[in-house]
Number of protein chains: 2
Amino acid sequence: MSKDFSELFPNQNKRQKDFQCSIGFTMTVIGSKWRAIILWHVLQSQLIRYGQLKKSIPKISHKVLSQELRNLEMDGLIERIAYATIPPKVEYIPTPRGKSLEKILQELCVWGKKYFK
Amino acid sequence: MSKDFSELFPNQNKRQKDFQCSIGFTMTVIGSKWRAIILWHVLQSQLIRYGQLKKSIPKISHKVLSQELRNLEMDGLIERIAYATIPPKVEYIPTPRGKSLEKILQELCVWGKKYFK
DNA sequence: CGGTATCCTGAGGGATACTG
DNA sequence: CAGTATCCCTCAGGATACCG
C-alpha cells in the first residue's frame, strides 16, 4: 500500500489491503449495507443535517448512521460541518471525491429500479 | 415484494426485502465481498471454466466461489453450463442481465484504480 | 441534537474434507 | 474437475443507554 494511498484513505488501514482488482477496493469504500445509500442522500441534497438524514433513511440505526458518516468522512467523500451551538447542529456536504461517485450511484439506482418491483 | 420480482430474483427471498432506495437492492446483488469481482471476470472472458476463474481470483476460497456462482446464477446474471464428462467440466457465461451490469462494474474498476495505488 | 460506549446476535465467509 | 457439507470464527451492524 503506497503512502499516497494511505493518505487519501486513512480509513483503509483497518480494512482489507490486497485486492484482486480495483473493484474490490471500490467495494470497501461504498460496498457496505448503508454507505452508498448515505452518500447518495448527501449528494442529492448537497447539504444535509444529521437529523434530516436520519429521517430520510429511517431503517438505519442511530449508531450505524453516525459510524458510517465518520467512515465516509475519513475516506474523504463527505465533509462534516459542526456548529458549536446548543442544541448542536451538524451538516454534511459532499466533497469533490464524493461527487465523483455520483454518476455510479445514479446508475446503481437506475439498475435497481429496473429489476426491483 | 411483487411476484415479478420474486421470479426475476428467486435468491432475494433469503435477503433483505425492504430497501430505502433501489441502490440498496442493487447492493444485495453485487455488494458482497466477491460477487462483483466474479461477475467482472465472467464478463471479461465471456466464457470461463470454474478452474480458470479460481486461478484468476486466487484469494477466494473454493467454497465461496462455488457459493457465489450459485447466487449469481440464481439472480440470473450468469448461466452455468455443465458437461457430463469425466472429469467434469463447467463453464460460466454472462446473461443479458449480467451484461447490463458491465458498464457499472467497469466504472467501479476505473474509480478504484484512480484512488488505489 | 448529535456522538459515543457497550453489549449482543447472526450472517458472511475461511479451512478442511468427502463425493461423484 | 467441480460441488457440497461441516465446523468455526470474525465482524458488521442492531438495541440500548448515557454524554456534551
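The sequence lines fix the lettering, A, B, ..., with proteins before strands; numbering per chain opens at 1.
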Phosphate contact (D/dA12 OP1 or OP2) by A/R35 side-chain N/O below 4.0 Å: no
Side-chain N,O (A/R49) to OP1/OP2 (C/dG2) below 4.0 Å: yes
Close side-chain approach of B/I93 to B/I78, heavy-atom, < 4.5 Å: no
Heavy-atom side-chain proximity of A/L47 to A/Y92 below 4.5 angstrom: no
Side-chain (B/S22) to main-chain (B/F25) donor-acceptor, under 3.5 angstrom: no
Backbone N/O of B/L77 and side chain of B/T95: donor-acceptor pair under 3.5 Å: yes
Salt bridge (charged side-chain N to carboxylate O under 4.0 Å, His left out) partner of B/E68, the single match among B/R35, B/K54, B/K63: B/R35
[atom1] of [X] versus [atom2] of [N]: gap in Å, rounded?
| X | N | atom1 | atom2 | result |
| --- | --- | --- | --- | --- |
| B/I60 | C/dG14 | CD1 | P | 7 Å |
| A/N71 | D/dG13 | CG | C1' | 12 Å |
| B/I57 | D/dA2 | CD1 | P | 14 Å |
| A/L69 | C/dT4 | CG | P | 10 Å |
| A/W34 | D/dG13 | CH2 | P | 9 Å |
| A/K54 | D/dG14 | NZ | P | 10 Å |
| B/M27 | D/dA12 | CE | P | 16 Å |
| B/Q52 | D/dC1 | CD | C1' | 13 Å |

Sugar-phosphate, base or nothing in reach of A/E68, heavy atoms under 4.0 Å: sugar-phosphate
Sugar-phosphate only, base, or nothing, as touched by A/Y92 at under 4.0 Å among non-hydrogen atoms: sugar-phosphate
Out of C/dG13, D/dC1, D/dG14, whichever nucleotide has its closest atom nearest the side chain of A/K33: D/dG14
Closest to side chain of A/K63, choosing from C/dG2, D/dT16, D/dG3: D/dT16
Which residue lies more 5' along DNA chain C, comparing B/Q67 with B/H62 via nearest heavy atoms: B/Q67
Closest-nucleotide 5' rank along DNA chain D - winner of B/R80 and A/V64: B/R80
